[in-house]
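Accompanying notes for the structure given below.
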Amino acid sequence: MMKNKFLIPALAAVISLSSCTSYVDELNDDPNQPTDAGIANLVQGVQLSNQFWQSGESNRTAMLWLNQATGADRQYIALNDWNTAQSTIFDGIWNEAMVGTISQAQVLKAKAEALGNTSTLGMAQVIEANAFGTLTSLFGDIPFSQVNKFEEFPNPVYESQQDVYAGVQILLSDAILNLTDASGGIANDLVFGGDESKWIAAAYTLKARYYLHVKNYAKALESAQMGISSADGDYKAYYGTSYGADFNPFYSFLVYDRPGYMSAAEAYAPQILDPTTVLYRGNAKTDEASRFNFNYLDFYEIYNSGYELNYLSVYDWGEPDGKFGTETDMPLVTYGENLLIIAEAEARLNGLEAGISAYNNYRAELDAGYSIGVNNDGFAEFGATFNYDDYEAADFASGGIENADGKAPLTAFLREIYEERYVYFNGHFESFTDFNRTNNIAEIQLKPGFAGNAERFVYPQVEVSGNSSIPSPLPGIQDPTPVHQ
């Protein structure tokens, strides 16, 4: 699929409509001051809003706390220590999700339903569910059913995390039904070009993700088996080459907006991918050199010593596009995630052999270059190589290449799954949920010198100040969310 180039000003124009009380009646007569947006423009605005907040600040914060990156200058040095996190740093994440994405998705749903456009209605429900699912995974209990009903609920209640996850599942089920009905089409679809079948598959993978979050492995497996079935079904955030308009948010932050604030110096993630280190996760069946070079830089230091996130790009640097390059697409819901969910669920439900067989399906995709390089063909620059041969049960037996410390074979296999998810989700907050959901089964080494670990994002100051329904006492950064207690 061709990349779509688009502009943030168009998004801002759509988001600015969130304070209107009517979106379909009494249009202003002045054409220079519109008070409504057509359904096609709302589609574009909702999709853009979702992709920018789901691939921006929340991911950078999670990366620092999971030792995938390092705060290297000014406030980012303090942010290395999750215990110093202030509620104000989460205002933007919360507002972009609640106002920019969820409220606009709900407006789009109403307009689509009024027009009998079930395709657009279903697509909007998928995005709304994705936004709510991400928020509850990061914050725990959140407002849900009373959101954006200000006159009726000026202080929307915080519903239990379990209830929000259940509501998200209902949203996704409704979305699948509407997308299956497929009436009216999806105009201006920047993600799948109006292909309802791809939205349905993405909805099933999201269902699998959120069932995994609550440890319903049977439902997770059932949903994933109907989820994204190939690389061309990946739901990605697409970016371009215009600063202030459509740069990859990582690239914009690292190179233009806050150069030097964030590196990967002494971080754990690059060390387990770097074949020259004692922590290297590779073995006789696994060569991570290509993935290391795609994600991190070790040969080219500009702002800080040690590792850097690979922000190189053909556009700005004349170098091959790295994982965090100018227009590198960022994964939101993917085939790789779907395969990893199947592998874990099979192992937990049906035993080690079933898990290994499913995991080898995923490794076969890696061995063909999937997710390692912008075109899924492997990152062969700077002499990098990659290899992912099939595993077998002996590899996870005590003393095997994936079980040198003598753990139970199934435990060793699950550790491998979650270490793989840790590197696969580099730049995506799903690895933050993994860490807390599994009590760090991957044995990730966090930054030394800081007490405990971050269990959640703390509620933003905008909610502390503006919503009297906020939980009291406020949970702290080290308090597990309800589904992780």
Side-chain angles (χ1 to χ4, degrees), residues 15-16 18-21 49-50 52-54 56-62 64-65 75 78-79 81-107 127-171 210 213-214 429-430 432-433 435-437 451-485:
I15 292 175
S16 70
S18 62
S19 63
C20 298
T21 58
S49 179
N50 193 52
F52 273 90
W53 87 265
Q54 298 241 29
E57 184 179 2
S58 55
N59 296 299
R60 295 195 300 270
T61 301
L64 296 181
W65 293 350
Q75 65 261 44
L79 196 55
D81 183 358
W82 42 87
N83 296 295
T84 67
Q86 302 296 311
S87 59
T88 52
I89 71 172
F90 300 105
D91 285 350
I93 296 168
W94 187 273
N95 283 334
E96 288 162 9
M98 283 291 190
V99 179
T101 301
I102 291 169
S103 69
Q104 297 306 305
Q106 291 176 346
V107 171
I127 291 180
E128 181 185 10
N130 182 206
F132 271 127
T134 297
L135 279 181
T136 199
S137 73
L138 296 175
F139 290 93
D141 299 351
I142 61 171
F144 180 68
S145 61
Q146 295 181 359
V147 165
N148 296 317
K149 301 174 182 176
F150 182 76
E151 291 185 2
E152 187 177 0
F153 305 111
N155 293 286
V157 298
Y158 277 64
E159 298 175 44
S160 75
Q161 190 179 29
Q162 284 280 13
D163 286 347
V164 175
Y165 274 125
V168 164
Q169 292 291 353
I170 292 171
L171 266 175
Y210 300 133
H213 284 190
V214 298
F429 40 69
E430 193 63 16
F432 180 75
T433 302
F435 183 97
N436 294 305
R437 177 171 64 86
N453 64 274
E455 292 277 353
R456 61 161 76 220
F457 286 9
V458 296
Y459 292 125
Q461 189 61 42
V462 291
E463 282 290 289
V464 174
S465 302
N467 186 351
S468 62
S469 297
I470 198 165
S472 180
L474 290 170
I477 198 84
Q478 292 192 37
D479 292 327
T481 65
V483 300
H484 296 152
Q485 292 175 359

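Since we're looking at a predicted model, the values are computed, not measured.
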Distance, nearest 0.5 Å, that separates [atom1] of [X] from [atom2] of [Y]:
X: Phe457; Y: Ser137; atom1: CZ; atom2: OG; value: 8.5 Å
X: Thr433; Y: Glu455; atom1: OG1; atom2: CD; value: 11.0 Å
X: Glu96; Y: Asn50; atom1: CD; atom2: CG; value: 11.0 Å
X: Ile102; Y: Ile142; atom1: CD1; atom2: CD1; value: 6.5 Å

List in chain and number order the residues that pass ring-ring contact (aromatic ring centres under 6.0 Å, His included) with Phe144, two or more places apart in sequence or in another chain; answer none if no residue qualifies. Phe132
Using ring-ring contact (aromatic ring centres under 6.0 Å, His included) as the criterion, list what pairs up with Phe429, not counting sequence neighbours. none
Quick check, are the ring centers of Trp65 and Phe435 under 6.0 angstrom apart? no
Under 3.5 Å: donor-acceptor pair, side chain of [X], backbone of [Y]:
X: Asn59; Y: Gln54; value: yes
X: Asn83; Y: Ile477; value: no
X: Gln461; Y: Ser87; value: no
X: Arg456; Y: Pro480; value: yes
X: Ser469; Y: Asn155; value: yes
X: Thr101; Y: Ala131; value: no
X: Gln106; Y: Asn148; value: no
X: Asp479; Y: Leu474; value: no
X: Trp82; Y: Ala451; value: yes

Over all atoms of both residues, closest heavy-atom pair of [X] and [Y]:
X: Ser58; Y: Trp53; answer: OG-O, 3.4 Å
X: Asp91; Y: Val462; answer: OD1-N, 3.0 Å
X: Asp141; Y: Pro482; answer: OD1-CG, 3.4 Å
X: Leu135; Y: Trp94; answer: CD2-CE3, 4.4 Å
X: Glu463; Y: Pro143; answer: OE1-CG, 4.1 Å
X: Gln146; Y: Val157; answer: OE1-N, 3.0 Å

Compare all side-chain heavy atoms of [X] with those of [Y] and state whether any distance is below 4.5 angstrom.
X: Thr136; Y: Thr481; answer: no
X: Tyr210; Y: Asn130; answer: yes
X: His213; Y: Val483; answer: no

Taking salt bridge (Lys or Arg N to Asp or Glu O under 4.0 Å) as the cut-off, I'd like each qualifying pair that reaches into residues 128-139, sequence neighbours left out, listed once. Lys109-Glu128
Answer yes or no: does atom CZ of Phe153 have more than 12 heavy-atom neighbours from other residues, nucleotides or ligands under 6.0 Å? yes
Return yes if a side-chain donor-acceptor contact under 3.5 Å exists between Glu159 and Ser145, otherwise no. yes
